[in-house]
> 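Structure incoming, see below.
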Amino acid sequence: MVRRFLFSILLSLMCPAVLAAEGLVTLSSSHSVSETVDRLEQALTAQGFRIFARVDHGAGAAGVDMDLPPTELLIFGKPQAGTLLMQAERTVGIDLPLKYLVWEDENGDVAIGWNDASWVAERHEIYPSSPVVVNVTAALRKFAEEVAQ
């Protein structure tokens, strides 16, 4: 019992983002939340992705007189890829379109988070090494890394 407890503490110190939420990948951004989302939107549309919505959770909280640090959700997709995934397993539609969540933490640091496409594929019993899953995984990381700098 003590070993398990100590191991969990050690693991949480080594990789806090992994333990934040199963299947969630995070990356730090050197830009504000709004600028990061603007940059993501520009990069995605330049590559033919469709932007379906941009949700400002901070503004929503302010609208009901509650505090929430800047937090925005960008919902986007490419029907050519999403349709292939849904043809493989219709339930994957609950996790589509794709999303980036960008937020500012209590220290003022900004992070970009997204669902790992391999985790989504496994969740819906789609072969995670299929070309479309591999391509989506690489694209999500590429866009996040490009805009975070």
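Keep in mind it's a predicted model, so treat the numbers as computed, not measured. Numbering starts at 1 and runs along the sequence shown.
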> Under 4.5 Å between any side-chain heavy atoms of Thr137 and Asn135, yes or no?
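No, their side chains stay 4.5 Å or more apart.
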
> So Tyr100 and Phe143, ring-ring contact (aromatic ring centres under 6.0 Å, His included) or not? Walk me through it.
CA-CA 10 Å; Tyr100 280 118; Phe143 288 124; 7.4 Å; no

> Does any part of the side chain of Trp103, heavy atoms only, come nearer than 4.5 Å to the side chain of Thr26, both counted from C-beta?
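A side-chain contact under 4.5 Å exists here.
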
> How about Glu106 and Pro69: do any of their side-chain heavy atoms sit closer than 4.5 Å?
no

> I need the minimum non-hydrogen distance between Pro128 and Val134, along with the two atoms involved.
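Heavy atoms of Pro128 and Val134 come nearest at O-CG2, 4.2 Å.
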
> Quick one: closest heavy-atom pair of Glu41 and Leu74, and the distance?
N-CD2, 3.9 Å

> For Gly113 and Leu24, work out which heavy atoms get closest and say how close.
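Answer, listing the atom of Gly113 first, then Leu24: C-CD1, 4.0 Å.
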
> Counting only heavy atoms not in Phe52, do more than 12 fall under 6.0 Å of its CZ?
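For Phe52, atom CZ is crowded (more than 12 foreign heavy atoms under 6.0 Å).
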
> Any donor-acceptor pair under 3.5 Å linking the side chain of His31 with the backbone of Gln149?
yes

> Are side-chain heavy atoms of Val25 and Leu140 found at a separation under 4.5 Å?
no

> Do Ile126 and Val120 touch side chain to side chain, with heavy atoms closer than 4.5 Å?
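No; the side chains remain at least 4.5 Å from each other.
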
> Got a donor-acceptor contact below 3.5 angstrom from the Lys78 side chain to the Val136 backbone?
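No; judged by distance alone, with no hydrogens or angles, the pair does not exist.
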
> Would you confirm whether Ser30, through its side chain, and Ala148, through its main-chain N or O, come within 3.5 Å as a donor-acceptor pair?
yes

> Taking the side chain from Asn107 and the backbone from Asp109, do they hold a donor-acceptor pair closer than 3.5 Å?
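Answer holds: no.
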
> Is Leu27 reachable from Val110 through a run of hydrophobic residues whose side-chain heavy atoms are each under 4.5 Å from the next?
yes

> Look at atom CD of Glu125 and say whether more than 12 heavy atoms of other residues, nucleotides or ligands are closer to it than 6.0 Å.
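Counting neighbours around CD of Glu125, 12 or fewer heavy atoms of other residues, nucleotides or ligands fall under 6.0 Å, so no.
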
> Just by modelled atom types, is the Gln42 backbone N or O under 3.5 Å from a matching donor or acceptor in the Thr45 side chain?
yes

> With a 4.5 Å cut-off on side-chain heavy-atom distances among I, L, V, M, F, W and Y, is there a chain of contacts connecting Leu96 to Trp119?
yes

> What I want to find out is whether Asp38 reaches Arg54 closely enough, with some N-O distance under 4.0 Å, to be called a salt bridge.
yes

